[in-house]
Number of protein chains: 2
Amino acid sequence: MKAVVRMREAGGGRIRQQQESAILQAAERVFARGGFQGATMAEIAREAGLSKSNVHYYFGTKADVYRAVLANILRLWLAETDRITAEADPRDALSHYIQAKMRLSAQRPEASRVFANELLHGAPEIGNFLRETLREQVEDKAEIVQGWVQAGRIAPVDPVHLFISLWALTQTYADFEVQVCAVLGRRALGTLDHRRATAHVLNLVLRGCGLDDEGGRTEIAREGQDA
Amino acid sequence: MKAVVRMREAGGGRIRQQQESAILQAAERVFARGGFQGATMAEIAREAGLSKSNVHYYFGTKADVYRAVLANILRLWLAETDRITAEADPRDALSHYIQAKMRLSAQRPEASRVFANELLHGAPEIGNFLRETLREQVEDKAEIVQGWVQAGRIAPVDPVHLFISLWALTQTYADFEVQVCAVLGRRALGTLDHRRATAHVLNLVLRGCGLDDEGGRTEIAREGQDA
DNA sequence: CTGAATCCTGACTATTTGGTCAGCTTTTAT
DNA sequence: ATAAAAGCTGACCAAATAGTCAGGATTCAG
């Protein structure tokens, strides 16, 4: 029997696939905790269950690991704008986008934090991505939103600033989780907290865009206390 | 003539006052650039125009400098909630708060970034402040907002999540300035950008709280291009 | 003016950490 | 089976950096 599948999938054999993935997973956690400078190769190696030398075998330098982690995250980050089209119902499109971003904050907080940290320190590594890929995408989507505004389908808002606001509103639950926990009096955010947060952001933004919130309300209201 | 004033104002003589202030100012910039781990005592010293040893003379350790910087920032952070009272007009109170926070983002972005960085990495230094002082203040103010909601003076919103949203919406312009610049196609944020951003956030939040935006619109609309 | 307190410095140390390397072990293709 | 390729390791090194210290310079009270 011959494993005819993927002799080359992004380079390397069976073992390489496995180890690189383990390293990147560990690195995401470690970079999220301490940022680029705060992370050490030794810690990444330990967290991945490998020797430091072995990590260096797969990724030459710490910067290489970091860039690989960021590349993964950027893919996540760009996704989920497909529902935002000129023909779409603004309410559906925005709801979908917000929910997707909130899901990301809840499920991949470390990824969000690595990204936030990179931005916070001036985006030395992904500056070009921001200025090129991201900017183009936002320009496209902003044009669509502008169309909605001109057609009177949503209240007048600055489309680009709207996207900035959506990012801020959703990512804050991942990036600044400690602060959120502190003011909510929670030790950690549970699924109920995330549902409440999502409901709140939807509520605020939809109404803020003149899309009054009917429906989808009931399923939120029937929740009890947190676990 | 005898300088009868301040023989002791937070400890120390004339020179000490001056040097400590210089160090803290420099440190805020340096910590904002690289976070705690990314900052070096040598860089702080250079930026302050002192020798490294001299910085150690005034502040024993790097952690001491960091804590002092944070203490300064926290004072800024807590301020500006005084207009939020049960009797106040919700529109005025929220507008004032948002404008104050936006001003802070524009004028002290480094302070905001140091704070953001501390949160991002789990608030090891200010965790107690968040859980005690901040939490109490938010609890108080949230009760007031809840009162507004029950009196039908603003649309139903979760008060605590509203504050979280306000922080996110306003600080994003300081913390993630690179990203904002990138999608706006600017090299840096000018006063016009900040005015537009403020108008947008006010617009979104006030409408989101059911406080329809009349007045204050015109003075925004008449601006031209950026400098 | 003078002695004490404060201020300041350059040289030094201990530690941490990213990265290298020679060589050993395991896997794999034929 | 075997040889080559891929995977792995511990010992080691050089650079960076927080913090120390003995002693010199400056300021200040009286």
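These values consider heavy atoms only, across backbone and side chains, with no hydrogens, waters or symmetry-generated copies. As the structure is a computational prediction, the values presented were derived from the model and not from experiment. To find a chain, count down the sequence lines: A is the first, B the second, and so on, and within it residues start at 1.
Between B/Trp77 and B/Phe115, the ring planes lie tilted relative to each other; the angle falls in the 30° to 60° range.
Between B/Ser53 and C/dC8 there is no side-chain N or O to OP1 or OP2 distance below 4.0 Å. Contact annotation: A/Arg14 side-chain N/O to D/dG7 OP1/OP2 distance is not under 4.0 Å. Proximity of B/Arg16 to the phosphate of C/dT6: no side-chain N or O atom is located under 4.0 Å from OP1 or OP2.
In this model, a donor atom of one side chain and an acceptor atom of the other lie less than 3.5 Å apart for B/Gln171 and B/Ser112. For the residue pair A/Glu118 / A/Tyr66, a side-chain donor-acceptor distance below 3.5 Å is found, with atom types taken as modelled.
Atom CG in A/Leu50 sits about 12 Å away from atom P in D/dG10, given to the nearest Å. With rounding to whole Å, A/Gln17 atom CD is found 14 Å from D/dA6 atom P. Computed from coordinates, the B/Lys52 NZ to C/dC12 C1' distance equals 10 Å when rounded to whole Å. Counting to the nearest Å, the P atom of C/dT13 and the CE atom of B/Met41 are 21 Å from each other. Rounded to an integer number of Å, the gap from CD of B/Gln37 to P of C/dT17 is 8 Å.
Tested against B/Gln179, the residues A/Leu120, A/Ile164, A/Val138, A/Leu134 include a single side-chain contact (heavy atoms from CB on, under 4.5 Å) partner, A/Leu134.
Of the residues in residues 54-69 of chain B, B/His56, B/Thr61, B/Lys62 come within less than 4.0 Å of DNA chain D through at least one heavy atom, sorted by number.
Using a 4.0 Å heavy-atom cutoff across all strands shown, A/Ala39 reaches sugar-phosphate atoms only and no base atom.
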Checklist line | A/Glu43 vs A/Arg46, side-chain contact (heavy atoms from CB on, under 4.5 Å): CA-CA, chis, key distance, verdict | finding: CA-CA 5 Å; A/Glu43 199 182 350; A/Arg46 191 163 38 74; 3.4 Å; yes

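In this structure, A/Gln19 and B/Ile15 both approach DNA chain D, and ranking their closest nucleotides by distance from the 5' end singles out A/Gln19.
Aromatic ring centres of B/Tyr173 and A/His161 lie closer together than 6.0 Å.
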